[in-house]
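Only one structure is covered here, and it is reproduced in the block below.
Here is the naming used below: chain letters follow the sequence lines, and residue numbers restart at 1 for every chain.
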Amino acid sequence: MGEGKVGLSSLKGRHFVDALDLSQAEYDLLFSLAEDIMESPQDYAHCCSGKILATIFYEPSTRTRLSFEAAMLRLGGRVITVADAATSSVAKGESLADTIRTVAGYADLIVLRHPKEGAAKLAAMYSPVPLINGGDGAREHPTQTLTDLFTIKRYKGRLEGLTVAFCGDLRYGRTVHSLIRALALREGIRFILISPAELRLPRAIVEEILETNPGLGLVETEDLEVGLSEADVLYMTRIQKERFFNEEDYIRLRDSYILTRRKLEGAKENLLVMHPLPRVTEITHDVDEDPRAIYFQQARNGMFVRMALIASLLGVV
Amino acid sequence: MLKVDRIQLGIVLDHIQAGKGFLIFQELGLSSRKEPTALLMNVPSSKMGKKDMIKVSGVLDLDLTKLGLLDPGITVNYIEGGEVIRKVKPGLPERVVGLIKCKNPRCITSTESYQEPIFTLVDKENKEYQCHFCGERVRV
């Protein structure tokens, strides 16, 4: 195993519910370990032998759940899963705390996805085993942040001094919230926030990141073209139907931004087009052929960096 | 002016913002006490113009967090032998458990009712607290 494991012992037994639960140094160590796993997967193929990961999903998920499960299986561990917890334990009236305490008796590590904001924080209070937030409502999705930062670092070689444009649903997009808070800590970062007025980044997050980094560059616009010409990274997001109480609002806003190959003509040659997936209409399929579109590589990177996270929280590296 | 006798043993809540005395009286459950208890409203004050006061005779276990939340400017005077032996200004509490309800319908505390809401003071000037779970901010 490579140098990536140095210092990771600090992660053993910890929860990961918020993007800021890890220091910049810990993120960098996880990225080194993930690189090492990508280069020498055979060295890690049995490190979680005898360990069990439980995935509890109260909301539908394809990528996150499969990514975690594939990650654990590739580390030699086993997986137990509740893919639709909302119709099983909740239907019987069981509290989240009781579900977590019960499952913690079966597994060494838990991944939780829940539609309510702060669910992972509450669950972690009752979990005697490490708990990972697999997404809680519109609030946080820290392992997507891990994926996104790892991807930017792999392709750009750095996380500092970048102009990062976020486009789409910045109000309810939990992947955006987590990534912005983590990136704001890096030096020389500039954000371009592109969204309809109704879906702007919550003021509390704007205030928080400006407090964290008063020198942060931040532009808010409704014009995608502005972001495209200046960005090093363009982070597209889906307008999420499930976050709206009112379907009329969703229908009105869902096609606010559509990135096409033609629109990319005005962008930098070395731009990275990222997306947490699933994509609906916001990126046309012809963009997939553009070498700047890296969202499928991004999804694959997520599995390797989740392997690094699982191994570190279990203390097996 | 209205006169209320000095108390020998008890608590005097002073510098209550005028108009808030009755609310604090209710919130502290003072109406059910057997000992002499007085609520004074609109008392002339050199600093505040008008203020409310509460005098409680006997032993009372005060929740200073709650009191600070209800009126951060309040002064608690502990009386023994007819003299003030200790003054406490609770101020706005840094952390509040179970006293503020999160108004965000998407917050986990809206459905997991066994969990007491936890709030942390984030903006003293604007009396703003933040929910530990969902991050929602509320003014008290």
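Both the backbone and the side chain of A97(A) come within contact range of chain B, with heavy atoms under 4.5 Å apart.
Counting non-hydrogen atoms of other residues, nucleotides and ligands closer than 6.0 Å to CZ of R6(B) gives a total of 12 or fewer. Applying the 6.0 Å contact sphere to CZ of R101(A) captures more than 12 heavy atoms from other residues, nucleotides or ligands. Open room surrounds CD on E80(B); 12 or fewer heavy atoms of other groups in view lie less than 6.0 Å from it.
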Please output the side-chain donor-acceptor pairs of residues 82-90 of chain B that fall under 3.5 Å, not counting sequence neighbours, one pair per line with the distance.
{"residue": "K87(B)", "atom": "NZ", "partner": "N77(B)", "partner atom": "OD1", "Å": "3.1"}
{"residue": "K89(B)", "atom": "NZ", "partner": "T75(B)", "partner atom": "OG1", "Å": "2.8"}

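In this structure R186(A) satisfies the salt bridge (Lys or Arg N to Asp or Glu O under 4.0 Å) test together with D28(A), E160(A), sequence neighbours excluded. With sequence neighbours left out, Q26(B) forms a side-chain hydrogen bond (donor to acceptor under 3.5 Å, both in side chains) with no residue at all.
Of the possible polar contacts, none joining the E117(A) side chain to the F133(B) backbone as a donor-acceptor pair under 3.5 Å is found. Using modelled atom types, no side-chain atom of K121(A) and backbone atom of C134(B) make a donor-acceptor pair closer than 3.5 Å.
The closest side-chain heavy-atom distance from Q115(B) to M125(A) is below 4.5 Å. Annotation: side chain of I108(B) is not in contact with side chain of D136(A) (no heavy-atom distance under 4.5 Å). Looking only at side-chain heavy atoms (C-beta outward), Y114(B) and D98(A) stay at 4.5 Å or farther from each other. No side-chain heavy atom of K116(A) sits less than 4.5 Å from a side-chain heavy atom of N104(B).
The residue among S110(B), S113(B), C107(B) with the most heavy atom pairs within less than 4.5 Å of chain A is C107(B).
Taking non-hydrogen atoms and a 4.5 Å limit, the residue list of residues 200-216 of chain A in contact with chain B, ordered by number, reads A204(A), E207(A).
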